[in-house]
Amino acid sequence: MALLDIKNLNLTFRENGKELTVLENINFSLNEGEFLCLVGPSGSGKSTILRIVSGILNQYTGEVLYKDQPNPQPNPNVSMVFQSFALIPWLTVQENIELVLEARGINPRQRVRTALKYIDMVGLDSFEDAYPRELSGGMKQRVGIARALAVEPEILLMDEPFSALDVLTAADLREQVVNLWQEKKLPLKSVLMVTHNMEEAVFLADRIIVLSARPAHIMGEVSVDLPRPRDSRDKAFEDILDKVYSMILSSRLGK
Amino acid sequence: MQLISAACWSTYRIFVAYILSLAFGIFYGVSANVSPKREKFMIALLDVLQSVPILGFFPVAIAFFAAVFQGQRIGLELAAIFLIFTSQAWNIAFGVYETIKTLPREFGEVSKAFNFGPDFTVRRVYLPAMIPTIVFNSGVSMANGWYFLMASEIISLGNKQVKLPGLGSTMMSYLAQGNIWGVIASIGTIVLINALLQIFIFRPLVRWSELFQYNATGSAPEWPTVVDVLSGLGRALRIDTFLVSLVSLGNRAYGKVAKYVIYGIGTIVAAAVGYLLYWLFTPPYPWDILVQIPTALTVTAMRVIAAVVISVLLALPFVIRSVRNVQTAQNIYSLASILGSIPAVIFYPPIVALGGRSYMELLSILLLLTGSFWYALFNMSKGAMLLPGVLTEMSQVFNIKGWLYYKNVLIPAILPPLITGALTAWGGAWNASIVAEHVQFGDQVYSIPGIGSLLTEATSNTKALVLTVLCMTVLIVLVNMLFWRPWYSRSAEKYNITE
Ligand SMILES: Nc1ncnc2c1ncn2[C@@H]1O[C@H](COP(=O)(O)OP(=O)(O)OP(=O)(O)O)[C@@H](O)[C@H]1O
Ligand SMILES: [Mg+2]
């Protein structure tokens, strides 16, 4: 069953007379229980798609359906990890996470407990009281991940969530997110993630959608039918990776 | 003893006016961002309000309050508070407007993505984001309130003068008695009050407010005690709830109440303007004054331009030192707040008398500077302090130094606040010009040609007075609209340093 249906999505930015078409006829769905990755060239419109799904942007044409109904704006069952972190500078790590919980009317004691739990999960314990300005890029990114998870959404949108992290921390966090998603203890059902790292996409996704350069349209998609946990040295893994690469190459050549 | 009670009276008026200015500024600044249509109208109106030479319009406002309260003391108090308010409110409103307009996109996106309600967004995102501007612009506003102290405490009603108790009127009576020590003690009291305010309230606040800056780097400032005290007080008085309702009122897209309030005020203003115009265009016309206006405006404009240019140039060295340096910026802020609060006008008559008519041209520019320099300094050092760290770090890495650094990095990066500084200095200088060109000391009268002395000449004829002030205002507003605003938008767009 499709949790999210995106139909004939088109978007053109208009600014002082100039027009910039970013999305052109995008159609895809995010199924229940699915981990979906979006890949595509820089500036193609991947973040824009996530912005539309999360309800930040609404001047598109086309349809975004959540459980066959128009996607509410904002949709409380959707949460997002921002590419630019988007932390509030005057709040500490813990306060940043508590803020989004408070906005949902969660009581103070529960807020603290949940915030600390996710801070711990992303490995930032002992940094609860630090301000964003005192953190490195990767640490800020982890706060962003903790914040998005803390509201315990059904759909998790992630915009290059592991890009600023070292290899080990990234691997660790990927595993944690996959576990949360597989365990099904949380409401979390599906993940829609943007990445530039093809190996990461094959490692995580059930399905990979390849976008063209701007204006973005869908070049094609690759299913990843591999058992988890996956191993990047498997022959089958490498075959799928090759397939994704060749599709991206053809998107570069503009076919 | 007399000084202490006078000081209490003045401080009370300035604080009441300041609190009203804050409430007004927050409401107005947020409202102006609600829709582009409203923005155009409200900002144009604010431009006019800011450019109206306050000193020129004082008599009109006083007549109004005196008439409403039939000459009772409360009416005069309100008139005084209103006059101080007009010297404080516009600059806070502009600051709030600009902050909200240039708020980083991320704030709005987080609020939307995580489903913050409108009031929650106001309380947790908008209000905190305004703190740096409010703190910084409060420095200008406070200084301004003290600068206009005498004008607000000595009120002319028809042809009799009424004095309200306060430092301004006390100082004037000392001066009239020739009691130099009394004058010095009054000035000392003003400086002392402002120094105390700086040390215990504003300096800690400036440092702390840096926490609320979007692109700040490095270790976070500590929470000073004064913030705890103020926020405790605020909570006890439910100020936070009040501010949130105030901002939501301004924020509500087509909020009926806000709309009616604005339209209501608009109608009253339009009616008043309509009546004024009708009255102005019924004969007789004061031709003898009217024919002098063009030359007078030109002469004064020359002096004002000189004052603006000198203000900006004088401020530059200070500004360069406060780049990315909170400590220096904080010191400049305190110094400017304290010195800027001295009502320099008081020294002017004796100095002119001492120098004589031949130096008055020069001295008048000096007086204009006391009304304009602080604006330039405040705005420019605020811009320099908040310069993103990456810019200076990048310049170091690529070894961009000297002239190249100033020309291609520093000046462009602080151009928007520099223009704001010059614009406000321009308004301040015009305002000061009203008292700069005509001086009475003892029974000697000194005067140089210009719009200020023309105003003095026209006092006996209300119609001539209003027409002169009106012409002056129109010129100031035209220059704002045709020169400053377009320049500001272009540079803010081109050198926008928020990513
Ligand atoms: N608010 C906006 N106004 C105008 N143009 C915009 C706006 N937001 C994005 N764009 C443009 O839309 C295009 C797509 O932007 P988007 O951020 O979605 O790219 P992306 O695929 O996420 O790129 P990257 O991989 O580099 O993050 C870009 O060309 C960008 O300049
Ligand atoms: Mg992106």
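Computed over heavy atoms, backbone and side chain alike; hydrogens, waters and symmetry mates excluded. Chain letters run A, B, ... following the sequence lines, proteins first and then strands; every chain starts at 1. Bear in mind the structure is a predicted one, so any value in this text is a computation, not a measurement.
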How far apart are the closest heavy atoms of Phe114(B) and Ser79(A), and which atoms are they? CE2-OG, 3.6 Å
Heavy-atom check, side chain of [X] versus side chain of [Y], under 4.5 Å:
X         : Y         : answer
Leu99(A)  : Phe120(B) : yes
Val110(B) : Arg147(A) : yes
Pro89(A)  : Phe212(B) : no
Ser84(A)  : Glu106(B) : yes
Glu109(B) : Met80(A)  : no

Measure [X] against the heavy atoms of chain B and call it side chain, backbone, both or neither at under 4.5 Å.
X         : answer
Leu87(A)  : backbone
Val100(A) : both
Arg51(A)  : side chain
Val53(A)  : neither

Residue Trp223(B) versus chain A: region with a heavy atom under 4.5 Å: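 Only the side chain of Trp223(B) comes within 4.5 Å of chain A.
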I need the residue from Gly117(B), Ala113(B), Gly108(B) with the largest number of non-hydrogen atom pairs under 4.5 Å to chain A.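 Maximum pair count with chain A is reached by Ala113(B).
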Which word best sums up how the rings of Phe107(B) and Trp90(A) line up, parallel for under 30°, tilted for 30 to 60°, or perpendicular for over 60°? perpendicular
Is it the case that atom [atom1] in [X] sees more than 12 heavy atoms from other parts of the structure closer than 6.0 Å?
X         : atom1 : result
Arg113(A) : CZ    : yes
Glu222(B) : CD    : no
Phe483(B) : CZ    : yes
Lys184(A) : NZ    : yes

Measuring from Ser54(A):OG to Asn115(B):CG, what's the distance to the nearest 0.5 Å? 11.0 Å
Can you tell me how far apart CD1 (Ile88(A)) and OG (Ser111(B)) are? Round to the nearest 0.5 Å. 6.5 Å
Go through the steps for Glu210(B) and Arg133(A) under the test salt bridge (charged side-chain N to carboxylate O under 4.0 Å, His left out), then give the verdict. CA-CA 11 Å; Glu210(B) 209 235 346; Arg133(A) 56 197 283 170; 3.1 Å; yes
